[in-house]
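In what follows, a single structure is set out as structure tokens and then discussed.
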Amino acid sequence: MPNVRQRKKKLKPASARRKSRRLASLAPRSANSRRHPTTAAAEIARTRAEAEAAIADARKSHERLREAIELLPQGIVFLDAEGRYTLWNKQYAEIYSRSADLFAPGARLEDTLRIGVERGDYPQAAGREEEWIAERLAKMYQPGARHEQTLSDGRVILIEERLTGDGGVVGLRVDITELKQREASFRLLFDGNPVPMIVCALDGGRILAVNDAAVEHYGYGRTEFETRTISGLQAFDSDPPWATDRPGDEQAARTWKHVRADGSLIDLAIYSRELIYDEKPAVLLALMDITERKRAEARIAFLAQHDDLTGLPNRNLLRQQMDDILAHARRSSDKVAVLVLGLDNFKAVNDSLGHSVGDKLLRAVAKRLRSTLREDDALARLNSDEFAMIQGGLTRPEDAVLMSRRLLEAIGDPFLLDGHSVVVGVTIGIAMAPGDGDDSEMLLKNADMALSRAKNDCRGTFSFFEAAMDARAQTRRKIETELRDAVRDERLQPYYQPLIDLSAGRITGFEALVRWPHPQRGMVSPGEFIPVAEETGLINAVGGLMLRRACKDAATWPDEVRVAVNLSPLQFRTGNLLSIVMDALKQSGLSAKRLELEITETLLLEKSSQVLATLHALRALGVRISMDDFGTGYSSLSYLRSFPFDKIKIDQSFVRDLGANREAQAIIRSIVSLGKGLGVTITAEGVETEAELSCLRAEGCHEGQGFLFSRARPNEEIVELLRAQRGADEPDTVKARVA
């Protein structure tokens, strides 16, 4: 470090040199140069005036300089060649407010530093005071060098010093405390941020800095990162994410695909903002990994058009594929076959082996179907056990027959699933374009109708669509629409058929049978609309309406006569049958013991705990439970153990021609004997002849029902029958009146 005292000998200050010249001009002249006294005095006066003018100018310049530096926002200090204070502004004094009392013209910077160190004004000097002072003085004579100084109150000062021509120093001081705080905040938010962040140069995209999250997420080392450009991370060439017509604005996310150190690709939503980093234009990138989100979005998009279980197209995508195939067919003379395939016995596989095996079966079927079709054929899964196949480029319907036979053969082979050999068949419905329709919806609908026809006729085969099928479907749709209106307007009515005590010949009750008086078609047969009601779920509304009406009518009948109402198995599946029955009894005022509910063996096939619980709850109310159509099920006797029925109704198929059929007589005898042993009432349905009646009486059957006694009648006629029965004493007279 140059010694200040040594520099004094080497270089005399400019002000001292100017003063010497002025004094020399005022010195007495030699004898040889003496002039006239008057002339000499004038010259001395002139010289003094010039000197005073020069001094005045210097003072004015000094004042103007002071005024100028006072306007500066930075602190300014001037030191002479010996490191002494000559001039400083107010901002400089405010920056060093703790040391301002030491500032005075001629005071040495080294002395003020030493005193400040002793007072603790410079925490960076603690423990190394002399070394710190020496380093600080040395930096004064390193032109252009900039360094920072921390004061005891925590402020940070940026120092820049330059040498003047006469060996002095001009120092610049800037309070950068706020800037350092912003940098610290940036570092805190940058380095510790869990979101990967990268700072790169605005020009060229060279990576200047990365945070820990970026290092961890990408797998590159920090040094390796900083040898790359941002474009070097991209999987594909594209514009930088900060490309914009409005530089400096924060940019909304752009999606990029980057390559990690292990070669894997990741999708990123990149947010960018321009900033100054190390005094250079740069861009801060926040990188949000959206790889999983993109996968989820792709999965959602896939599932919108594909079946999740098999991966096959669903109905939506199938329609699009069909539209393309049909459009191509319209430009040529080709035909298009639409095949709808329904698996046979799939429900049995699910019920016996479980849904896991059922799912594996569906996947195996899809794979086998795909391997059977041509590459250009479209295949889709429509629902649980139905698939559809579209085949274009056909010249005749026989081509669809060949395909159907291949499919029947392929699916007919056993499937080995979890150690089980599973055999299922397939039934196929076929519609041909353009004959059976020229759009996807019509063709799928017609193929589905052909499938229903094939299932009804003979499973394990195929059936072509016929126009008559559509006519039947149109009729069914019309019945459904009109039935909904009839239920809503309560136009359906209960008709009642008497139940006769065969030993006494008296009416013991009535079975309520639903009737639909149609304004145009007259009385619509239950066999025509009940199947539609069950298929569409309207049976619940129909059954509820009949139950309420029957209870209301029966409440007006005399002599404790009972009313029997049929229940569909579908009514039990809603879960609210018990409350519906209770409401009907409450609203009508009918005693529960006068209500009899008839169920079929089909209901008990389900072996549902809910069904049995509902039946027991109904019986606990006092309602009688009757098994209808006994003998037509698969294991009727086993059902008698599952629930204590009050009545068994023998199906009319066993009653018909009973007098001449010994086998039927034996069956009737067995059922009556069984009923007596169980304490159950036995009622025979469909009694139409005197011979059948005689046989039933001879076997000891309790009740009879049929056209021999009466057809089903509206309620007003029932009231008349009961009045007539009240006034009659002889059973034959009663029977004649009932008939």
Side-chain angles (χ1 to χ4, degrees), residues 1-13 69 72-188 191 209 222-223 226 277-280:
M1 180 186 71
N3 188 283
V4 176
R5 293 181 174 85
Q6 292 174 347
R7 290 179 55 86
K8 181 179 178 182
K9 296 178 180 179
K10 296 179 180 178
L11 185 62
K12 203 173 191 181
I69 64 174
L72 295 176
Q74 300 88 3
I76 298 291
V77 63
F78 291 88
L79 304 175
D80 62 18
E82 295 180 356
R84 297 178 183 278
Y85 287 97
T86 60
L87 184 64
W88 61 93
N89 64 356
K90 181 180 178 182
Q91 184 65 24
Y92 179 85
E94 290 179 352
I95 289 175
Y96 293 104
S97 57
R98 286 176 58 88
S99 304
D101 59 317
L102 303 176
F103 300 158
R108 296 171 61 245
L109 174 63
E110 180 179 354
D111 296 336
T112 60
L113 288 175
R114 193 172 303 279
I115 295 172
V117 167
E118 291 174 356
R119 295 193 309 195
D121 293 345
Y122 306 105
Q124 293 171 318
R128 52 187 297 269
E129 290 79 0
E130 291 300 326
E131 183 180 358
W132 183 84
I133 293 173
E135 291 175 353
R136 171 68 190 91
L137 293 174
K139 290 175 181 177
M140 289 174 54
Y141 301 101
Q142 297 175 9
R146 303 172 69 181
H147 59 280
E148 296 175 6
Q149 186 179 74
T150 303
L151 304 182
S152 59
D153 57 6
R155 288 180 297 143
V156 181
I157 309 303
L158 178 67
I159 298 176
E160 182 175 359
E161 294 169 321
R162 304 224 177 150
L163 296 177
T164 61
D166 60 0
V169 175
V170 177
L172 180 68
R173 306 291 189 270
V174 180
D175 189 335
I176 60 171
T177 306
E178 184 178 347
L179 177 62
K180 297 297 286 186
Q181 289 173 345
R182 286 201 301 267
E183 287 182 359
S185 298
F186 172 78
R187 280 295 170 190
L188 179 63
D191 292 334
R222 194 175 299 274
T223 303
E226 294 175 1
Y277 186 86
D278 281 348
E279 302 182 8
K280 295 179 182 178

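- For the pair Leu79/Tyr85, a side-chain contact is recorded, criterion being any heavy-atom separation below 4.5 Å from C-beta on.
- When Glu160, His147, Gln149 are each tested for a side chain to side chain contact (heavy atoms under 4.5 Å, CB included) with Lys139, only one passes: His147.
- Interatomic distance, Gln91 CD to Asp175 CG, rounded to the nearest 0.5 Å: 7.5 Å.
- Interatomic distance, Tyr122 OH to Ile157 CD1, rounded to the nearest 0.5 Å: 10.0 Å.
- Between Tyr96 and Phe103, the ring planes are perpendicular. Angles over 60° get that label, and only those under 30° would be called parallel.
- Residues Ser152 and Pro123 come closest through the heavy atom pair N-CD, 3.6 Å.
- Atom-to-atom distance recorded for Met140:CE and Leu137:CG is 6.5 Å, nearest 0.5 angstrom.
- With rounding to the nearest 0.5 Å, the separation of CG in Leu151 from CD in Gln124 is 8.5 Å.
- When all heavy atoms of Asp166 and Ala81 are compared, the pair lying nearest together is O-CB, 3.9 Å.
- One distance of note links CZ of Arg173 with CG of Leu158; it measures 9.5 Å at 0.5 Å rounding.
- Ion pairing between a basic and an acidic side chain is recognised when a charged N comes within 4.0 Å of a carboxylate O; Lys280 and Asp278 show no such pairing.
- For Gln74 (side chain) and Leu172 (main-chain N/O), no donor-acceptor pair under 3.5 Å exists by modelled atom type.
- Considering OG1 of Thr177 and CD of Glu148, their distance stands at 10.0 Å, rounded to 0.5 Å.
- Under the 4.0 Å criterion applied to side-chain N and carboxylate O atoms, Arg114 and Glu130 are assigned as salt-bridge partners.
- Of all the heavy atoms in Val169 and Glu161, the pair that sits closest is CG1-CB, 4.0 Å.
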